[in-house]
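Structure first, commentary second.
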Amino acid sequence: AQTVTQSQPEMSVQEAETVTLSCTYDTSENNYYLFWYKQPPSRQMILVIRQEAYKQQNATENRFSVNFQKAAKSFSLKISDSQLGDTAMYFCAFMNPMEYGNKLVFGAGTILRVKS
Amino acid sequence: KAGVTQTPRYLIKTRGQQVTLSCSPISGHRSVSWYQQTPGQGLQFLFEYFSETQRNKGNFPGRFSGRQFSNSRSEMNVSTLELGDSALYLCASSSRLPGSTEAFFGQGTRLTVV
């Protein structure tokens, strides 16, 4: 079974600084997808970034980038130039569409607080 | 393009009752997944429906069931409610087209069992 571990329950960062959220996962599969989702106080889950396991290049989306280490089964999220609106719960998630369709396996989440 | 719509947003039920939650996916999306979110257990997968068929099921008791209609709208039913069923229930829709893996979430239904 796939598992996703986020070892940082809470983190805080000053506005405009950079922060990295950690995520490790366990799977015996070779083809899968990894995601970071953001859940602000409104509870709306929003996709931040996606990484295909077969791609070696790390995904980037504006201020958000990942460090994907397939051999180490590590998938960290870097947020640059942090903004107050980045305050939210961040979830790392795993998907193996070939075996389990659209089922997402989530980590426990990391609460990120951006301070002014 | 309208997003994923979940109704109702909030619900209070008594132990032993049953409840039905509804999810309307994004137009054209045929896959609907349901998740339960609680402070203790986090986000857990309940089931996925695609083209009116259940494709995957999580590790939940048989009191949790669902269905999908021909217009892709989905309902989730919980019978004989227990206090521990209090949670935020999230629905996600996906197109399930090859190469398309993004799940779009609704705002959830907050269920409180008293």
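Within every chain, numbering begins at 1; the chains are lettered A, B, ... in the order of the sequence lines, protein sequences first and strands thereafter.
- For chain A, the nearby part of Gln37(B) is the side chain; its heavy atoms alone come within less than 4.5 Å.
- Counting non-hydrogen atoms of neighbouring residues, nucleotides and ligands closer than 6.0 angstrom, the CD1 atom of Ile12(B) reaches no more than 12 such neighbours.
- The environment of CZ in Arg63(B) is crowded: more than 12 heavy-atom neighbours from other residues, nucleotides or ligands sit within 6.0 Å.
- Within the 4.5 angstrom heavy-atom criterion, only side-chain atoms of Leu88(B), from C-beta onward, approach chain A.
- Contact of Tyr35(B) with chain A is made through the side chain alone, with heavy-atom distances under 4.5 Å.
- A single hydrophobic cluster is seen to contain both Val114(A) and Leu21(A), as judged by linkage of ILVMFWY side chains at heavy-atom distances under 4.5 Å, directly or through other members.
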Evaluate Asn102(A) against Phe50(B) for side-chain contact (heavy atoms from CB on, under 4.5 Å), listing each step before the verdict.
CA-CA 10 Å; Asn102(A) 282 359; Phe50(B) 179 74; over 6 Å; no
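- Distance check: Lys103(A) NZ to Glu48(B) CD gives 11.0 Å after rounding to the nearest 0.5 Å.
- Cluster membership check: Val105(A) does not share its hydrophobic cluster with Tyr33(A), using side-chain heavy-atom separations under 4.5 Å among Ile, Leu, Val, Met, Phe, Trp and Tyr.
- When heavy atoms are compared at a cutoff of 4.5 Å, Leu47(A) approaches chain B solely by way of its side chain, counted from C-beta outward.
- Linking Ile, Leu, Val, Met, Phe, Trp and Tyr residues whenever their side-chain heavy atoms come within less than 4.5 Å places Tyr37(A) and Leu43(B) in a single cluster.
- In this structure, Tyr100(A) has its ring center at least 6.0 angstrom away from the ring center of Phe45(B).
- Counting non-hydrogen atoms of neighbouring residues, nucleotides and ligands closer than 6.0 angstrom, the NZ atom of Lys78(A) reaches no more than 12 such neighbours.
- Counting heavy atoms of neighbouring residues, nucleotides and ligands inside a 6.0 Å radius, atom NZ of Lys115(A) does not exceed 12 of them.
- Under the side chain to side chain donor-acceptor pair (under 3.5 Å) criterion, Trp36(A) pairs with no residue at all, not counting sequence neighbours.
- Scanning residues 104-114 of chain B against chain A with a 4.5 Å non-hydrogen threshold yields Phe105(B), Gly106(B), Gln107(B), Arg110(B), sorted by number.
- Within 6.0 Å of CG in Asn71(B) there are more than 12 heavy atoms belonging to other residues, nucleotides or ligands.
- When the candidates Gln44(A), Arg43(A), Met95(A) are compared by the number of heavy-atom contacts under 4.5 Å with chain B, Gln44(A) comes out ahead.
- By the rule that hydrophobic residues join a cluster once side-chain heavy atoms approach within less than 4.5 Å of another member, Val66(A) and Met45(A) end up as members of separate clusters.
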